[in-house]
Protein chains: 2
Amino acid sequence: MARGTYERQTMVRRSATGRIGIADVAVKAGVSHATVSRVMNGNFTVDPEIAARVRAAAAELKYQPNPVGRSLALGKTDTIGIVVPDLANPTFQAILRGLSRAAAQDGYRVLIADSFEVSSEEAILAGEARRRCDGLVLCAPRMSDAELEELVPSLHPLVLINRTTTAADVPSLVVDYGQGVQDLAGHLVDLGHTRLAFLAGPPRSASNGLRLQGLEAFKAAHPQVEVLMLEGGSDFDTGHEAVDAVLDSGATGILAFNDLVAMGLMSGLHERGVDVPGDISVTGFDDIPFARYTTPTLTTAAVPITELGQQAWHQMRALIRKEENDAPGSRYQPRLEIRASSGPAKAPRTAAHG
Amino acid sequence: MARGTYERQTMVRRSATGRIGIADVAVKAGVSHATVSRVMNGNFTVDPEIAARVRAAAAELKYQPNPVGRSLALGKTDTIGIVVPDLANPTFQAILRGLSRAAAQDGYRVLIADSFEVSSEEAILAGEARRRCDGLVLCAPRMSDAELEELVPSLHPLVLINRTTTAADVPSLVVDYGQGVQDLAGHLVDLGHTRLAFLAGPPRSASNGLRLQGLEAFKAAHPQVEVLMLEGGSDFDTGHEAVDAVLDSGATGILAFNDLVAMGLMSGLHERGVDVPGDISVTGFDDIPFARYTTPTLTTAAVPITELGQQAWHQMRALIRKEENDAPGSRYQPRLEIRASSGPAKAPRTAAHG
DNA sequence: ACCAACTTAGAAAACGCTTTCTCATTAGAA
DNA sequence: TTCTAATGAGAAAGCGTTTTCTAAGTTGGT
């Protein structure tokens, strides 16, 4: 029974920081730092009896390894960063949620940085976040392509959302907003609308650019339909304030930049006594959870956005683990979600639904 | 012109981790680590000429201090954690947003942990997050009072939201849901409703408990009105699925747990052809941004929730800086927000609004 | 011209951990 | 019994900073 000569320490030594450290456990168990570390990390080259002693000491002192020291030694933080242009936007909230949940399942946490749509802040935020973390998810950055290309190399491992880059090893998850908006426009045209209006999003938003491209393609393919462009933004108020412009346009089918804008617009139209979809059809984009609970329920293009956040993590994990990545990035096709806010053009109101 | 004997290093040395460290700058500038550190931290006990040389070297190498090493040396991470029961809930999203924005203004970032309503996970998550950060915001924890009391001491600096504790130095920001629900009930009674129903929230939610207490007080003060209790939850679907129970109850005034539940309920009622507020009045709680864009717009109790997140940071900052805190915690009074979803009881529909 | 006081910058310790290196002990084989 | 190999644990180095300690050099007063 190799009875150790260690001495039980009744008084808990407090290190400079006041917290219990590996050293405290070591003296309590009468072993060295190294042994405590080995035991805590499940290294089996330790005598079971000693290991038990260490574990007992650790438990008694309620020792928990300091993650900062650990990070420094291991060169990893088990944390990833995400920078978003606007945390108030449900889309980014959903991405964050999907990312956070998926990462948590692998023991990673996420650190958030909100640029508040200030594109000049993005590079600084991204760099700072990246240094604190093992990787970075850059979400729909508003900066220019040139800035992005310059920044990207210093951010690896990096996953891009709704932007692309020429740099290698940077997976990029993009939603095909161009196709989605064409699907929506096609749906409205099928309903007999010939005069559409697009209520645009933030000018610096790349996803807005994709929608515009999609609409150009649509116009080319459907010369008989008119597609008007209206200035806009990305929130409720944008939609609400656009009522006059929408009514003035004479369009009967309105493609709102996203669901929020569509909701604001519908609310404004309702106040004016305009019937949706009787007088005007409205479509959104994203299919946020609220979309199925508006009155009327909102026709939109559903983006599997939480899944996208999850995919972002999977790509990131592959990067961190330096795994071979078969699909470095993906393209997500929105799915047309036809609800009650779109109906036949200029048809008289009937009891039977569209 | 004391020409230094340092030697310009044309080859960039790469440390083990492959990143540029303080050592690289030191050799490039021909000085010691210590001097580089001093310069980088604006310590003025350095010869301006040397400082310039160091800055030049740092700029040329694009040196950025490693935050992990820095954290270890300084004993702080410039990060705070927040644990929420459900990141999908707009209330917690808003708190996170307010917290994140306020913290960012003081150079702090926030790390998120989502417990997914699993109360047994909360203690582990909280402890882990706390160790990684300089402080923790514990948001509406679902754990029991006893567990909370036991956990709290190990989490300091800690700010509690919608829970209280007997522990000292733990500011606690609580919304007075009890008063808010009484205000809403009073509003409905003023409109002539005499049979109310409360669509309850998650059983473990403390804020639900506060609402129940408030309703007890209300019943005591208004013996002539009936207040029925209905099982519930906190999301859309809860409200949507409660339609039958609500109709069966015969109540004409429905107090939904929150705005989400109210929206789900209104959507369900709409599908059944029940007019709101003509047949039944519905109220929410929280005044989430969507509440003013529902049809009809939602009568609710407005909680200054983003401000609450901001306050949480201010309390946390005071704790971290060990400042004297005049108001260790605050109580937030919801403000009655009367919109279109509530109207006179059983009155025939008229063109003139309620 | 000499000594005290002050500047300035390098050396080294500290932060809390992991891991390599090294050495002592023990088991096993010849 | 003796030598080798294997095992287990401590010493120490390292992760990248900040900061204290120390010593060299400089200034200024007498």
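If you're wondering where the values come from, they're calculated on a predicted model, not measured in any experiment. Residue numbers start from 1 in every chain, and the chains themselves are labelled A, B, ... in the order their sequence lines are given, proteins ahead of strands.
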Trainee: Looking across every strand, which nucleic acid part, if any, lies under 4.0 Å from Tyr63(A) by heavy atom: base, sugar-phosphate, or nothing?
Mentor: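 Sugar-phosphate contact only - Tyr63(A) comes under 4.0 Å of backbone atoms but never of a base.
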Trainee: Answer yes or no: is there an ion pair linking Glu128(A) with Arg132(A), defined by an N-O contact shorter than 4.0 Å?
Mentor: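 Judged by the 4.0 Å cut-off on N to carboxylate O distance, Glu128(A) and Arg132(A) do form a salt bridge.
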Trainee: Name the one of Val110(B), Val159(B), Ile80(B) that satisfies side-chain contact (heavy atoms from CB on, under 4.5 Å) with Trp313(B)?
Mentor: Ile80(B)
Trainee: Between atom CE in Met40(B) and atom P in dT17(D), what is the gap in whole Å?
Mentor: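 Answer to the nearest Å: 9 Å.
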Trainee: Calculate the interatomic distance between Ile22(A) atom CD1 and dG10(D) atom C1'; express it in whole Å.
Mentor: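 Between C1' of dG10(D) and CD1 of Ile22(A): 13 Å.
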Trainee: Between C1' on dC15(C) and CG on Asn66(B), what's the gap in Å once rounded to a whole number?
Mentor: 13 Å
Trainee: In whole angstrom, give the distance that lies between atom CG of Leu72(B) and atom C1' of dC15(C).
Mentor: 4 Å
Trainee: Side chains of Val137(B) and Gln315(B): closer than 4.5 Å at any heavy-atom pair?
Mentor: no
Trainee: Over how many whole Å does the gap from Asn43(A) atom CG to dT18(C) atom C1' extend?
Mentor: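 So the two atoms are 11 Å apart, to the nearest Å.
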Trainee: How far does CG of Leu87(A) sit from CD of Gln93(A), to the nearest 0.5 angstrom?
Mentor: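 One gets 6.0 Å once the value is rounded to the nearest 0.5 Å.
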Trainee: Polar atom pairs between nucleotides 9-11 of chain C and protein, under 3.5 Å, N or O only, would you list them?
Mentor:
{"from": "dA9(C)", "atom 1": "OP2", "to": "Thr45(B)", "atom 2": "O", "distance (Å)": "3.4"}
{"from": "dA9(C)", "atom 1": "OP2", "to": "Asp47(B)", "atom 2": "N", "distance (Å)": "2.8"}
{"from": "dG10(C)", "atom 1": "OP2", "to": "Ser32(B)", "atom 2": "N", "distance (Å)": "3.0"}
{"from": "dG10(C)", "atom 1": "OP2", "to": "Ser32(B)", "atom 2": "OG", "distance (Å)": "2.8"}
{"from": "dG10(C)", "atom 1": "OP2", "to": "Thr35(B)", "atom 2": "OG1", "distance (Å)": "2.5"}
{"from": "dG10(C)", "atom 1": "N7", "to": "Arg38(B)", "atom 2": "NH2", "distance (Å)": "2.7"}

Trainee: Whether Arg70(A) contacts dT18(C) is assessed here as follows: a side-chain N or O lying under 4.0 Å from the phosphate OP1 or OP2. Is that the case?
Mentor: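 Yes, because at least one side-chain N or O of Arg70(A) sits under 4.0 Å from OP1 or OP2 of dT18(C).
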Trainee: How many whole angstroms separate atom CG of Leu74(B) from atom P of dT18(D)?
Mentor: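 My rounded result for the distance is 6 Å.
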Trainee: Whole Å only: how far is the CZ atom of Arg131(A) from the P atom of dG16(D)?
Mentor: 15 Å
Trainee: On a heavy-atom basis, which atom in Cys133(B) and which in Leu111(B) lie closest, and how many Å separate them?
Mentor: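 The pair with the smallest heavy-atom distance is SG-CD2, 3.9 Å.
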Trainee: Tell me the interatomic distance from Asp78(A), atom CG, to dT18(C), atom P, rounded to whole angstroms.
Mentor: 12 Å
Trainee: Quick test of your reading: applying salt bridge (Lys or Arg N to Asp or Glu O under 4.0 Å), list the pairs with at least one residue in residues 307-320 of chain B, sequence neighbours left out, ordered by first then second residue.
Mentor: Asp106(B)-Arg317(B)
Trainee: What is the distance from atom CD1 of Ile82(B) to atom CD1 of Ile112(B), rounded to the nearest 0.5 Å?
Mentor: 8.5 Å
Trainee: Kindly say if Asn41(B) contacts the phosphate of dT18(D), meaning a side-chain N or O under 4.0 Å from OP1 or OP2.
Mentor: yes
